[in-house]
Amino acid sequence: MSKDTIADIITSIRNADMDKKGTVRIASTNITENIIQILLREGFIENVRKHRENNKYFLVLTLRHRRNRKGTYRNILKCISRPGLRIYSNYKRIPRILGGIGIVILSTSRGIMTDREARLKGIGGEILCYIW
């Protein structure tokens, strides 16, 4: 694992989705738990449970499957900010992904939230990733 935990979880979810796996196991931190709760609330993943192994906590994610077909949804997850280049935006300039269908996850002074929540509260922050 690298020092960029956000890129690690996005890459793990993307790889499991491409490989048509049902579950993904990622390390549990406050940032990853907040991002996973957003993904769960927005319907990109189906279920989350916390698992403890050797005094370390992991999140086990169940990916959402299509009904009537085998395979998973083809979610596009794209990391924007990275340790060498942070991307910030005020609430007026937060990009709209696919005309508002996709979501932008931001790290703000009031916690990690989606672009819709940030626009409603009138706060900007660091753009972490795009999901559509």
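Predicted model, so just to flag it, every value in this text is computed and none were measured. Just so you know, residue 1 is the first one in the sequence shown, and it goes up from there.
Applying the side-chain hydrogen bond (donor to acceptor under 3.5 Å, both in side chains) criterion to Ser81, with sequence neighbours excluded, gives Glu126. Considering only residues two or more places apart in sequence or on other chains, Arg25 meets the salt bridge (charged side-chain N to carboxylate O under 4.0 Å, His left out) condition with Glu53. Not counting sequence neighbours, the partners of Thr32 by the side-chain hydrogen bond (donor to acceptor under 3.5 Å, both in side chains) test are Thr29. Residues passing the side-chain hydrogen bond (donor to acceptor under 3.5 Å, both in side chains) test with Arg110, sequence neighbours excluded: none. Scored by the side-chain contact (heavy atoms from CB on, under 4.5 Å) test, Tyr57 finds Ser28, Lys50, Arg52 as partners (sequence neighbours excluded). Applying the side-chain hydrogen bond (donor to acceptor under 3.5 Å, both in side chains) rule to Thr62 yields no partners; only residues at least two apart in sequence or on another chain are considered.
Across Pro95 and Val104, no two heavy atoms sit closer than the pair O-CG2, 3.5 Å. In terms of heavy-atom proximity, Ala118 sits nearest to Leu106 at CB-CD1, 3.7 Å.
Within the structure, salt bridge (Lys or Arg N to Asp or Glu O under 4.0 Å) pairs that include any residue of residues 87-97 do not occur (at least two apart or interchain). Within the structure, no pair that satisfies the salt bridge (Lys or Arg N to Asp or Glu O under 4.0 Å) test touches residues 98-107, not counting sequence neighbours.
The hydrophobic cluster around Ile123 extends to Met113, counting ILVMFWY residues whose side-chain heavy atoms fall within less than 4.5 Å of a member. The hydrophobic side chain of Phe58 is isolated, with no ILVMFWY side chain under 4.5 Å apart from it.
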Considering only distance and modelled atom types, tabulate donor-acceptor pairs under 3.5 Å from the side chains of residues 35-47, sequence neighbours left out.
unit_1: Arg41; atom_1: NH2; unit_2: Glu117; atom_2: OE2; d: 3.0
unit_1: Glu42; atom_1: OE1; unit_2: Arg116; atom_2: NH1; d: 3.3

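Atom CG of residue Leu59 and atom CD of residue Glu33 lie 5.5 Å apart, to the nearest 0.5 angstrom. The distance from atom OG1 of Thr5 to atom CD1 of Ile26, rounded to the nearest 0.5 Å, is 9.5 Å. In this structure, Cys79 SG and Ile131 CD1 are separated by 9.5 Å, a value rounded to the nearest 0.5 Å. A distance of 8.5 Å separates CG of Asp17 from CD1 of Ile76, quoted to the nearest 0.5 Å. Interatomic distance, CG of Asn34 versus CD1 of Ile6, reported as 10.5 Å (0.5 Å rounding).
Val48 places none of its side-chain heavy atoms less than 4.5 Å from the side chain of Val60. A 4.5 Å side-chain heavy-atom check between Leu61 and Ser12 finds every atom pair outside the cut-off.
Side-chain heavy atoms closer than 4.5 Å link hydrophobic residues (I, L, V, M, F, W, Y) into clusters, and following such links, possibly through other members, connects Ile127 to Leu98. Ile97 and Tyr88 are not part of a single hydrophobic cluster, where members link through side-chain heavy atoms under 4.5 Å apart. Ile31 is connected to Ile13 through a chain of hydrophobic side-chain contacts under 4.5 Å among Ile, Leu, Val, Met, Phe, Trp and Tyr, so both are in one cluster.
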